[in-house]
Each structure stands twice: as structure tokens, then as C-alpha cells.
Amino acid sequence: MPTSRITDTFARARGESRAVLVSYLMAGDPDLETSYAAMCALRDNGADIIELGAPFTDPMADGASIQKAGLRALAHHTTLADTLKLAARFREDDQITPIIVMGYANPVFRMGYVEFAKAAYQAGVDGTILVDLPPEEDGELREAYAQYDLSVIRLATPTTHENRMKKVAEGASGFLYFVAVTGVTGAGSADPQAIAGNIEMAKRVSGLPVCVGFGVKTGVQAAEMAKIADGVVVGSAFVDHAEKAHESGDFAGAPRGMGALAKELSSAIRTITKP
């Protein structure tokens, strides 16, 4: 079942005394065929979990890189249904790598929570991160997901206090996504020591693995985050390769660049031995 794929991934990483690498790309950027090749390149070069962005017109949590990626995908008329088809294509040959759809609530709500949950399950999706759907408002979504064991992955931030963390953790599954900076994706860089206590609290309260994202772009930064978290999430740095491919017209450059970056990040993370 979907959530077990996520659980198994973290268990394998713990068995290897390391953190996991979660890699993000936008579906349909620069096109769907290239996105598929990029997913394979990420997997083949050390990405443990793939976050597949579903393009949306008003990405309030995303910085310039991912905003532009969404606009490029929308210009090619990429829909939520196309995103699920892309996941299904990848799943045909890969039954192990978890796929997380990351996006916003509006397209999912418009499709219908029950219909989306069924379609996501059939596509081999393991869970979602819906940035703008807080715990107080996702009850219907969780009910729909429960039928298919899909994970509701929630966000926490450096300003999430312990009482709020309890609410964030309620009904969450898979892992907790800790936003390392108070800002949008790709903005600045986080100080691992400044958030280490927050992450420990998040682990204790939620009982879930905690992955850190936002502002992580290099192997050095990823290794530092791997010291304090169960996983490291990288997004904008991957998406930048899709932008270069779009601008140059060399779409094959996107999976090449993403694969090389995944290898760098994965190698850096694996230098950190976790207890």
C-alpha cells in the first residue's frame, strides 16, 4: 500500500545510517516527456522520494524558480490529471520509489477529494503535500485518503510551537515536511543549528520522520541538514535545470542536470552517518 512505500524507504535509510533525499520537479516543465526522463534520472542518481509538482496558477508558498516552472507547465496545458498520468507512467517500471504530489488544494477540491484519492492511488501516488490546506480543513481529504492508505504530509515551520505541532501531527502520515526558513521556496538558506531543536520537537511530537526543505541547494547544505533531520528536500535547484533546458531548447539537458545534482546531493548526504 502507498504509505508503506514511504515507511519502507525511511526504514532502508535508517538501516544504512543515513538520511533520505527528497527531490522535487514540476510536472510538464519543460514538457511531460522530459519530466518522465527527469524522474528516472533523479531515481537513478540517488533520489529516495520524488515530489512531483502539480502546476497551479497561484503558488503562494513558492519562490520565483518554482513559480516560473508552474507557468511554463501551464503554458503547455499541463493539468492535475496529466500529473497523475505522469506518476502512473513512472510507476509502471518502479514499484519502490515513493511519489508525493505537491501542490495546492484548489485543483484537488475541484476534481473532488474522493475522485482524486482514487485516481492518485490508481496512479501509484503515495501521498500529497497540499500547501494551503491546514489541519482544521482537511478532514474530508483525510477520510478520502484513508480508503487508499494515502499519506497526508503536513508542513511545519520554525514558528510552529509545540501545541500547534500537536495539531499539525494529528492525522498526518508518511513524514513531516519542516520548512527551514520563514519564506518561500528557494529563498535564502537556513542555519541548521538554529532549527535543530525545532526538528527534535517535531520528531518527538509527531512520531514521524522529519524532512527539511526550502533553501537547500548544494551538497554542503544537504549534508548539514542530514545531521539533524531524517531527510533533506531539494526543489528549486532541480527546477533551475528545467528552466535552462527551456531557454536553450535542449530539453535533454534537464534530466542530465537534475541527475548530476541528485548524485551530488545523495553523495553528500551519505557522508553523514546517523546513529
Taking all non-hydrogen atoms of both residues into account, name the closest pair between [X] and [Y] and its distance.
X      : Y      : result
Thr78  : Gly28  : OG1-CA, 3.6 Å
Arg142 : Pro135 : NH2-O, 3.7 Å
Ala38  : Met258 : CB-SD, 3.5 Å
Ala19  : Ile269 : O-CG2, 3.5 Å
Ala54  : Met26  : C-SD, 4.0 Å
Tyr113 : Ala144 : O-CB, 3.6 Å

Could you check whether any side-chain N or O of [X] sits under 3.5 Å from a backbone N or O of [Y], counting only pairs where one atom can act as donor and the other as acceptor?
X      : Y      : result
Lys274 : Ala226 : yes
Gln221 : Thr218 : yes
His76  : Asp29  : no
Thr271 : Ala268 : yes
Asp31  : Thr34  : yes
Arg154 : Val168 : yes
Ser248 : Lys244 : yes
Asn198 : Pro158 : yes
Thr9   : Arg5   : yes
Asp82  : Thr79  : yes

Problem - CD/Glu162: more than 12 non-hydrogen atoms of other groups inside 6.0 Å - result: yes
Exercise for the section: Establish whether Ile272 and Ile199 are linked, either directly or via other cluster members, by ILVMFWY side-chain heavy-atom contacts under 4.5 Å. Expected result: no
Problem - Same cluster (ILVMFWY, side-chain, under 4.5 Å), Phe109 and Leu74 - result: no
Practice task
On the 0 to 90° scale, with breaks at 30° and 60°, tag the Phe90-Tyr36 ring pair as parallel, tilted or perpendicular.
Solution key: perpendicular
Exercise for the section: Determine the interplanar angle of the Phe56 and Tyr104 rings, folded into 0 to 90°, and report it as parallel if under 30°, tilted if 30 to 60°, perpendicular if over 60°. Expected result: parallel
Exercise for the section: Kindly state each residue pair satisfying side-chain hydrogen bond (donor to acceptor under 3.5 Å, both in side chains) with at least one member in residues 223-234, sequence neighbours excluded. Expected result: Glu224-Lys227
Fill in the blank from the handout: CD1 of Ile153 to SG of Cys211, rounded to nearest 0.5 Å, is 8.5 Å
[Y]/[X] salt bridge by N-O under 4.0 Å criterion:
X      : Y      : answer
Arg12  : Asp48  : no
Asp126 : Arg91  : yes
Glu200 : Lys203 : yes
Glu170 : Lys167 : yes
Glu264 : Arg270 : no

Handout entry: Any side-chain donor near an acceptor of the partner, Tyr145 and Thr128, under 3.5 Å
Key = yes
With a 4.5 Å heavy-atom cut-off, do [X] and [Y] have their side chains touching?
X      : Y      : value
Tyr121 : Asp149 : no
Arg89  : Glu33  : yes
Gln67  : Val239 : no

Problem - Set of residues satisfying ring pair (Phe, Tyr, Trp, His ring centres under 6.0 Å) with respect to Phe238, sequence neighbours excluded - result: none
